[in-house]
Amino acid sequence: MTDVKLDDIVSLAKRRGFIYPGSDVYGGLSGTWDYGPLGVQLKRNIMNLWWTMFVDERDDMYGVDAAILMNQKVWQASGHVDTFTDPLVECSNCKGRFRADKIDTSKCPTCGKTGTIGEAKQFNMMFQTNVGPVADEKSVSYLRPETAQGIFTNYKNVVDSFYPDLPFGIAQQGKAFRNEISPRDFIFRSREFEQMEIEYFVHPEKWEEAFEHWVGQCKEWFTVLGLPEDMVHELEVPASDRAHYSKRTIDFEFDYPIGREELMGLAYRTDFDLKNIHDNSGKSMEYTIKGTNDKFIPHVIEPSFGVERALMAVLVSAYTEDEQNGEKRIYLKLPEHLAPVKFCVSPLLKNKPELVEKAREVYKAMKAKHGNVMWDDNGNIGKRYRRQDEIGTPKCIVIDFQTLEDDTVTVRDRDTTEQTRVTSAEIV
RNA sequence: GCGAGAUUAGUAUAAUGGUAGUACAUUUGCUUCCCAAGCAAGGGGCACGAGUUCGAUUCUCGUAUCUCGCACCA
């Protein structure tokens, strides 16, 4: 477990411009969150890191970006129209709610009364909409509840374009939507969220080694995110809890302030999805090993990463409180490659034009080189340090009177608070 | 979606059926000011809607959102 309180993170995230409640000015909308300037940068840093690591740096991975709206047949074939729709019933006596298909509706399982169970109501987790001007059965579509189907539906396209050797993967990042009954716990469970998914296609007899490969890759990813090893836990999901398509699933869980919860999942999906498409679309999803007659529908290993859950784990891992001169100091110990602001540049005094002018010069040069550099001349120097600590800026550069003489600046470290003097040429 | 509780400034919190206070943050100015220093001045708030009342931030009802429990989480 962690000592970090979720409320502290939620407050800081709002106060400092990371994450705001969705539709805040109109009183909010349950299950939605908006990202502020620092939040979107942090989120993009995480997503870009993922793309670099799993797509750019590999030679067996192909990226795609499929449409969120898809033909309704996709969701019929995938099982989502049936299985994402739960018939719910309610007991008029004790107000208990149950899955109509899981209980004997003649008698309430909670209060034991008979004849109190009402009519079943359909509740579908998918957001339904209509595509085109006519709202009828044919025009029904859904906001995708997972990004995976956008990969499976493009499997044949990618194979036709590149015909890669097995094993190979298709990767995608994008939004997904689920009409959760009860969104909770900050960005952990929301109605609109972002996934980073890979479908890794393998020979049916070689799924186990690919699975192990991805277990290792997931762990490496957690290291790159800076998550402490002892806060990440590997859970072998028993058959009874696995999704209908999976023959093996590992959940990686994280010690969030709300408890130990799923950070990401790694599932062996067999050929469930491609076979569905093969059977329903009339198109062959079979793969032939080059130069052989070995022909089959590939099996799939699916590492599925939730962006928000990764981001929340990063924030929880980074959030640190310690004492300095008897005062509480809060800082985000973000890995440098994730920090939304890399450097902050300040003049020691903002009412000395010569200091401000020199600091502006350094700021411009650094911004041109590093991009995410912030200017801060507010209040006194101590306040600036604390403010930068809270948003996780690794280094603060200060221009003082000595800079004007020998062109050296002070570099102050976020984690140690130590300062060193370097020439401005060294940091620009 | 059910049950309970909550909602006061950017954040954290007081009080009140009769002009809403504090801390931090924020803005402006002064100070050769390196870890939330000091001084001076300023801006900003009762979630939304209806009702009761001479008057509602306060009481009542509804809505939204949040928290906790239940349920849900292919």
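The chains referred to below are lettered A, B, ... by the order of the sequence lines, with proteins before strands, and numbering in each begins at 1.
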Just to be sure I understand the rule, does D7(A) reach a base, reach only the sugar-phosphate, or reach nothing, if contact means heavy atoms closer than 4.0 Å? nothing
Whole-angstrom distance between U57(B) and A50(B), as gauged at atom C1': 16 Å
Heavy atoms under 4.0 Å, any strand shown: does R184(A) hit a base, just sugar-phosphate, or nothing? base
Both distances below 3.5 Å, Watson-Crick or wobble geometry, any strand: find the nucleotide opposite U67(B). A4(B)
In terms of side-chain geometry, is the basic nitrogen of D389(A) or R412(A) positioned less than 4.0 Å from the acidic oxygen of its partner? yes
I'd like to know if T410(A) reaches the base of C34(B) with its side chain such that a donor and an acceptor end up less than 3.5 angstrom apart. yes
On a plain distance test, is the side chain of E180(A) in donor-acceptor contact with the base of C73(B) below 3.5 Å? no
Taking donor-acceptor contacts at under 3.5 Å, does the side chain of D389(A) reach the base of C35(B)? no
Tell me, with the steps shown, if D273(A) and N276(A) meet side-chain hydrogen bond (donor to acceptor under 3.5 Å, both in side chains). CA-CA 5 Å; D273(A) 300 278; N276(A) 268 333; 5.2 Å; no
P-based separation of U53(B) from U58(B) [nearest Å]: 16 Å
If you count the non-hydrogen atoms of other residues, nucleotides and ligands that lie under 6.0 Å from CZ in R15(A), is the total more than 12? yes
Atom CD1 of I397(A) and atom C1' of C34(B) are separated, to the nearest Å, by 13 Å
Could you give the distance separating A47(B) and U7(B) at their P atoms, to the nearest angstrom? 9 Å
To the nearest angstrom, how far is K14(A) atom NZ from A12(B) atom P? 8 Å
Reckon R189(A) touches a base, only the sugar-phosphate, or nothing at all at heavy-atom distances under 4.0 Å? base
Check this for me, if you would: do E236(A) and R248(A) make a salt bridge, where the nitrogen-to-carboxylate-oxygen distance has to be below 4.0 angstrom? yes
For A37(B) and K383(A) - does any side-chain N or O of the residue sit under 4.0 Å from the phosphate oxygens OP1/OP2? yes
G38(B) versus C24(B) - spacing of their P atoms, nearest Å: 8 Å
Using purine N1 to pyrimidine N3 plus N6-O4 or O6-N4 for Watson-Crick, or N1-O2 and O6-N3 for G-U wobble, both under 3.5 Å, which nucleotide pairs with C59(B)? G51(B)
Just the rounded figure in Å: distance from P of A74(B) to CZ of R269(A). 12 Å
Starting at the 5' end of RNA chain B and moving along, which residue's nearest nucleotide shows up first, D185(A) or N380(A)? N380(A)
Given A12(B), is OP1 or OP2 found less than 4.0 Å from the side-chain N or O atoms of S11(A)? yes
Does T417(A) reach a base, just sugar-phosphate, or nothing at all? Heavy atoms under 4.0 Å. base
Relative to the ring of F305(A), is the ring of F54(A) parallel (under 30°), tilted (30 to 60°) or perpendicular (over 60°)? tilted
Assert: residue with more 5' nearest nucleotide on RNA chain B, out of K352(A) and Y26(A), is K352(A)
Looking at Y385(A) and C34(B), is any side-chain donor or acceptor paired with a base atom of the opposite kind under 3.5 Å? yes
Regarding E146(A), tell me which of base, sugar-phosphate or nothing describes its non-hydrogen contacts under 4.0 Å with the strands shown. base
Using whole Å, what does the distance between atom P of nucleotide A12(B) and atom CG of L6(A) come to? 12 Å
Does a nitrogen or oxygen in the side chain of N378(A) sit under 4.0 Å from OP1 or OP2 of U27(B)? yes
Without decimals, in angstroms, what is the distance between R384(A) CZ and A37(B) P? 12 Å
OP1 or OP2 of C66(B) sitting under 4.0 Å from any side-chain N/O of S30(A)? yes
May I ask you to verify whether the side chain of R412(A) and the base of C35(B) hold a donor-acceptor pair under 3.5 Å? yes
